[in-house]
Amino acid sequence: MAHFSGEDQTMLQAMLRQLFQSVKEKITGAPSLECAEEILLHLEETDENFHNYEFVKYLRQHICNTLGSMIEEEMEKWTSDQNQGEESGYDTVVQHVTKRTQESKEYKEMMHSLKNVMMIVVESMINKFEEDEIRSQERQKKIQKEKNNSYCTDNCSDSDSSFNQSYKFCQGKLQLILDQLDPGQPKEVRYEALQTLCSAPPSDVLNCENWTTLCEKLTISLSDPDPVFSDRILKFYAQTFTLSPLHMTKEIYTSLAKYLELYFVSRENHIPTVSTGIDITNPNVTRLLKKIRLLNEYQKEAPSFWIRHSEKYMEEIVESTLSLLSVRHDQSHLVSQKILDPVYFLALVDTKAVWFKKWMHAYYSRTVVLRLLEKKYKSLVTTAVQQCVQYFELCETMKADEIWGHSKHFGNKQKTFYYSGQELQYIYFIHSLCLLGRLLIYTHGRKLFPIKLKNRKDSVSLTDLLVLFTQLIYYAPSCPKITSAPRLENYAPASMVTEVLRILCDHKECAIECLYNNTVVEALLQPVHNLMKGTKSASNCSETALIHIADILARIASIEEGLTLLLYGENMNSSEEKCSTGAHIIAQFSKKLLDEDISIFSGSEMLPLVKGAFISACRQIYGTCEGLQVLIPYSLHESIAKAWKKTSLLSERIPTPVEGLDSVSSVSQESQNMEEQVIRWKDASSIKMGTVLDGETSMAWEENLLDDLLNFAATPKGLLLLQRTGAIYECVTFMFNRYAKKLQISRHKKFGYGVLVTQVASTAAGAIALQSSGFINALITELWANLECGRDDVRVTHPRSTPVDPIDRSCQKSFLALVNLLSYPAFYELIGNQDLPNKTEYSLREVPTGVINVIDRLIILNSEAKIRSLFNYEQSHIFGLRLLSVICCDLDILLLLEAQYQVSEILLNAQEENIIETSESHRNFIIDGLSVERNHLLVRMNLIGGPVERILPPRILEKGDDPYPWPMFSSYPLPNCYLLEVPRNADLKQDDDLEKLLLHFKMSDKQTEWIENCRRQFCKMMKTKPDTISGGALVELLEKFVLHLSESPSECYFPSVEYAATDANVKNENLSSVQQLGIKMTVRYGKFLNLLKDDAENDLTWILKHCERFLKQQQAPIKSSLHILFKWICICLQGNYPGHDWFVSSLFLIMLGNKEKTFRFLQQFSRLLTSAFLWLPRLHISRYLPIDTIESGIHPIYFCSTHYIEMLLKAEVPLVFSAFHMSGFAPSQICLQWITQCFWNYLDWLEICHYIATCVFLGADYQVYICIAIFKHLQQDILQHTQTQDLQVFLKEEALHGFRVSDYFEYMEILEQSYRPVLMRDMRNIRVQST
């Protein structure tokens, strides 16, 4: 730098010019010099071309030449110093060398030299710049020949002016501009002043002291008739909005709003009237619309930044806007002569009131808007309501075609230049509608009502306004059917109103206050009433309006409060006819539509859409337990199934399973078999052909109907109705197709397919449908891909991390899906009477396709071939053992696995192989993940007992020297440490209350009074001294009470049956292997409880054989011509109950092993209604059930008890009900498991006795109340396990700790008072009524 020449100076100047030219755009909008400097300082971070600039390259080369050698020396020195110590990071080296360099003498000299050189270069550039400016000024003087005393025209860019402080806009310049903008000045002078103002940085202008005066001048100048001058001012306003500091734009906005307000108030301006309309080619109108458009653009942008400023800043903007929109001219007697207000013009540029939507979005601004509307500008809301009322009155009096003409411009593709008065009124109506719709969302917005209108006696309340909106849907016209323009519908009045109502429905609090009342619902259903009655006005309601109405009804029904309103009305205890509520009307109308019983729509192309819309509303109702109860009388499932069969005939897609369908493992084989067994409906020729649909429409309508049928499966009773239609296979296939495509289950459903799959899998027919559809295959394939390997080699190139949990997160979803799937009916259907493959060799790429394969490959690993076929043997086997642990909690599944595969023996053998001999007399088990899992499983499978009756070893190791203190074993019996001491059965001394209860059995009061007295005494005992109701006292209570009930005709539900079979008759009867293993398990548990003697096994066998013979006498003869499609019913046809009789086993223990007492009690008990719900085999293919119920294989406990458990759970413990839905699990499945096995392994023996005694004494409905009490008891645990995503596993594996029936007696009595009439009526309706 010592030899800095003139040539070097010229070169550096060129480099700097290039740099500034490149960044000119970046600093053009800088509001001040400081901001411009910040932009330059951070240029490297923001400019991707930074290192390509010549000036930057020059600086880099200069630094390298000056300091390069010193930097290298410092780095070498640092490296050698660090060789003896720990290795340092790269960042540490850079920091050290940088610091040393900056402290060096060379660096300081270089900076001093560089600064001197740059000062010379910059000074030279500034001098040259000033010379250029002087020449430019002289040139301007010659051209314009005007006197110029104290200022110069600044033709430089904003960035130059801001960057160079010598050209900053000053007070003198602004004062001169003020003088030149005076209306008395020549046109050229004013134009040049405005040009100068537009060229100056807005921040400099706004910071001047005379800004307020300038604002006033600009406001006056906005009225200038010269269009060029007016446009220049608007350009300045727009530039100010864009480039000025945010706190300054308020001044511009309020001045523009004030100007517009004065413009409309002034009588001198020629503002169009309603009768003349608006011609936007008129120059005056064009300029006015431009100003309002500019105002509206800022209105929509302001909410994005005003939260960064004080509330006063925002309040001034809001108030100036509301003040402008509140301007009203003197109202003429004739609407047509009315002068257009500002809101008409705003509606033209922002028809849907987007500005108001944005202002109301944030609480910060919404509070101010609502406060000002309430205190000062309520007239704005009043006129909006008035406009909606006037439009509705217009709709009532005019023809639809005439009204439609008001809104046709919004769909026209050709440009429109003229808006008639009627069109302006319609546009203002749309703006008012959107504004009111947004206002109603918020609590304080709704508090502005009621509104008092002129020429109207009564005020307009919220309900009145919503009724008005709903009436507009069917009074106002929709799009003409002939149109194909997609935009046309967006501005149709019915569509606009529906859009507003949808938004209100989506805000629960708003919907409850506005929509959920009888008046609004009746208004929505008015056209439906008219159509069903066939009134004259029915023909005025279009199909489109009905579709809109059905959409709103569906949204109302999708929310709990709305559903309750539709089902029961506002007053649930009202004496009004139940059939008049919304749900009944919707169901009646939907049924008429499906049956094509409404002639007005005959042949309409839109009829399927109307049907679909109303069935969708019904679906929201019958998809709930309480809704289905209301809609059952209408047999919608039959009507929908009939419509589906008819449609499938039209599209020639009618797959119907036939007799002899065997379950197969391959999806392709299943699909092929299903297709081969297709038959056409026999009544095809008798189906009345209606509207002819094209192929695509027919397919869509068919799928829509299948979807509607599928939603019956959301509840237990709905699933029974679905199976009765014969369409369950097609519905499940449809569900799987949507699931495979990852499509949403339903528009209004908040969660996925989990609950539906769980409900369907709770029945045998549902399980085979899931298998036939390919759902199970897809589930297992996905599981195998996550657990072992997929069908491709993705994992070779993308290996996953090693799992650390017993069940890896990637497999958790598949694990829970299998748990949901494998109820006992499904499990029996999928693996019953099937042998394991047990192949001699398995391919590494062989993927399981069914549940039997999962058991073979992951659970029962009894060969080296199976072990070698697994890539992740330990992880996969632990997955299988965890799955086994959950499913074997269902004791029927456990017995089936033991009977077919001897699972316990295989696990014991595996434990034996896990032993190492440390000496001749001492052997140790190898403790690893698999041995710990097997030990836990063996104890769980062999030991029966409630929460305090058995000990299950943990599955995790403990810290310390002895990580697993629990003894392992490879043969039975179990080590004693797993068995708890149970006190010997000794009858407690009977207290006075128990003696009183027993004394009642000897009294001869009136039968009804006697029964009620006994029940009251029983309740008193259960509340005060529950432990006394056990042992011999319980036996005596049950025997005498059931004997008296069985002798009372009013208490007997089933007829008496003569039973004359002897021991010789039943001696040769064979019990199933499941029953035999169940007997052994029962006796083992009875001996553990000290209730049974050594010969108890033979006595229980005797009882079960006599029970089978006794119940077979009451079974219905099944005709062989029925299409029996699954094993569960095949077993039923043979008269055999597929599981073990856990109620008889429980009663045998209660009777202390006395077989005569037990069987005599069962004969008497079988006459009572309670026996149908406690004793499952009692109604096994019973002649007392309808034939279609028998064929379904679904027990009344499922479609009646668990149905009401779900219904009551939703009402009484809603958080738990929601937790089940979030987990994709159904309460009905776990309750069915609990009830089927009489709560064995879930409750202690005393609580099981109390459960049975409570149901016997107080009625079958107490079975439902006890389950609700259990869920209430478990609420916190259920919510916690919903969060950890293992709710199913928790409910199936864990006993009901701390639950006692007696603790919840008062709660159950409250439930009885509320629900008994409904429950008992439905429970009594399970049998065929005598004709």
Side-chain angles (χ1 to χ4, degrees), residues 241 250 253-254 256-257 260-261 264 289 291-307 311 313-328 341-388 391 410 424-449 451 462 465-466 469 490-491 493 496-497 499-504 506-507 510 514:
F241 284 148
K250 179 224 356 162
Y253 180 88
T254 53
L256 180 57
L260 288 169
E261 184 177 346
F264 279 96
L289 283 174
K291 294 163 188 173
I292 290 178
R293 177 63 179 269
L294 180 61
L295 197 77
N296 181 247
E297 289 297 325
Y298 184 76
Q299 287 171 350
K300 292 187 283 189
E301 289 297 324
S304 62
F305 55 73
W306 61 19
I307 195 172
E311 187 175 316
Y313 166 79
M314 175 190 59
E315 190 168 342
E316 289 186 27
I317 293 177
V318 172
E319 183 158 14
S320 63
T321 304
L322 299 182
S323 177
L324 168 64
L325 297 180
S326 298
V327 170
R328 294 288 175 270
D341 297 324
V343 70
Y344 281 89
F345 292 88
L346 181 61
L348 264 179
V349 298
D350 188 3
T351 308
K352 292 190 176 181
V354 176
W355 68 274
F356 192 74
K357 175 182 176 182
K358 292 191 174 186
W359 283 20
M360 295 292 285
H361 179 70
Y363 177 81
Y364 180 71
S365 55
R366 181 168 67 245
T367 307
V368 174
V369 173
L370 292 173
R371 186 177 72 242
L372 289 172
L373 283 175
E374 182 182 6
K375 291 183 177 180
K376 298 177 66 176
Y377 302 106
K378 195 171 181 179
S379 61
L380 188 61
V381 182
T382 303
T383 53
V385 174
Q386 182 72 52
Q387 186 66 19
C388 292
Y391 183 77
F410 290 94
L424 290 172
Q425 293 283 25
Y426 175 74
I427 293 168
Y428 182 24
F429 157 71
I430 293 295
H431 188 273
S432 301
L433 176 69
C434 295
L435 186 145
L436 291 172
R438 186 58 50 175
L439 198 65
L440 294 181
I441 293 175
Y442 306 104
T443 304
H444 289 285
R446 296 191 293 273
K447 287 181 180 178
L448 296 174
F449 289 84
I451 297 289
L462 269 178
L465 185 63
L466 267 298
F469 285 172
N490 292 338
Y491 286 93
M496 292 301 302
V497 172
E499 185 179 336
V500 168
L501 293 179
R502 282 174 185 158
I503 294 171
L504 298 184
D506 292 340
H507 293 78
C510 167
C514 294

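When reading the values below, keep in mind they use all heavy atoms of this one structure, side chains included, and skip hydrogens, waters and symmetry mates.
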Worksheet item: Going through the distances and angles, do F449 and V385 end up as a side-chain contact (heavy atoms from CB on, under 4.5 Å)?
Response: CA-CA 10 Å; F449 289 84; V385 174; 4.0 Å; yes
Fill in: CE on M496 to OG1 on T351, rounded to 0.5 Å
8.5 Å
Response to the item:
Of all heavy-atom pairs linking G445 and L370, the shortest is CA-CD2, 3.8 Å
Worksheet item: What heavy-atom pair brings F469 and V500 nearest, and what distance separates the two atoms?
Response: CE1-CG1, 4.4 Å
Fill in: Exercise: identify the closest heavy-atom pair between L295 and A257
CD1-N, 4.0 Å
Worksheet item: Which is it for W306 and V318 under the side-chain contact (heavy atoms from CB on, under 4.5 Å) test, yes or no, and what are the steps along the way?
Response: CA-CA 11 Å; W306 61 19; V318 172; 4.2 Å; yes
Fill in: Test item: H431 side-chain N/O and I427 main-chain N/O as donor-acceptor pair under 3.5 Å
no
Worksheet entry | Side-chain heavy atoms of Y364 within contact of P303, under 4.5 Å | no
Worksheet item: Got M314 and K250 here, is their nearest side-chain heavy-atom distance under 4.5 Å?
Response: no
Fill in: Approximate separation, where rounding is to 0.5 Å, of L289 CG and N296 CG
11.5 Å
Item to complete: Start with the C-alpha distance between V369 and L372, add both sets of side-chain angles, then the distance that settles side-chain contact (heavy atoms from CB on, under 4.5 Å), and finish with yes or no.
Response: CA-CA 5 Å; V369 173; L372 289 172; over 6 Å; no
Worksheet item: Tell me, do D341 and T383 make a side-chain contact under 4.5 Å, heavy atoms counted?
Response: no
Discussion item. Angle between ring planes, F429 versus Y426, binned at 30° and 60°: parallel, tilted or perpendicular?
Written reply: tilted
Fill in: E311: partners by salt bridge (charged side-chain N to carboxylate O under 4.0 Å, His left out), with sequence neighbours left out
R371
Response to the item:
Here the pair of heavy atoms bringing K352 nearest to E499 is NZ-OE1, 4.1 Å
Discussion item. So for atom NZ, which belongs to K300, do other residues, nucleotides or ligands contribute more than 12 heavy atoms lying within a distance under 6.0 Å?
Written reply: yes
Worksheet, complete the sentence: d(E261 CD, S320 OG) to nearest 0.5 Å is 8.5 Å
Worksheet entry | Ring geometry between Y298 and Y253 (parallel below 30°, tilted from 30 to 60°, perpendicular above 60°) | tilted
Worksheet entry | Backbone N/O of E301 and side chain of S304: donor-acceptor pair under 3.5 Å | yes
Worksheet item: For the atom pair NZ (K291) and CG (L256), what is the distance rounded to the nearest 0.5 Å?
Response: 8.5 Å
Worksheet item: Do the side chains of I451 and K378 get nearer than 4.5 Å, heavy atoms only?
Response: yes
Item to complete: Can you see which heavy atom on A353 is nearest to which on C434, and at what distance?
Response: CB-CB, 4.2 Å
Worksheet item: Rounded to the nearest 0.5 Å, how far apart are CZ of R438 and CH2 of W359?
Response: 15.0 Å
Fill in: Within-4.5 Å side-chain heavy-atom neighbours: Y428 and V343
yes
Worksheet item: Less than 4.5 Å apart, any side-chain heavy atom of Y377 and any of E319?
Response: yes
Practice prompt. Report yes if the side chains of L260 and F345 come closer than 4.5 Å at any heavy-atom pair, otherwise no.
Written response: no
Worksheet item: Should we count CZ of R446 as having more than 12 external heavy atoms under 6.0 Å?
Response: yes
Worksheet item: Nearest heavy-atom pair of I317 and T321: which atoms, and what distance?
Response: O-OG1, 2.8 Å
Discussion item. What verdict does the side chain to side chain donor-acceptor pair (under 3.5 Å) test give for R328 and S379, after you've listed the backbone C-alpha separation in whole Å, the side-chain angles of each residue and the deciding distance to 0.1 Å?
Written reply: CA-CA 9 Å; R328 294 288 175 270; S379 61; 5.7 Å; no
Item to complete: Answer whether the closest heavy-atom distance between the side chains of L501 and L466 falls below 4.5 Å.
Response: yes
Worksheet, complete the sentence: Rounded to the nearest 0.5 angstrom, the CD1-CG distance for I292 and L324 is 7.0 Å
Item to complete: Determine yes or no for a side-chain-to-main-chain donor-acceptor pair under 3.5 angstrom, with E374 supplying the side chain and L448 the backbone.
Response: no
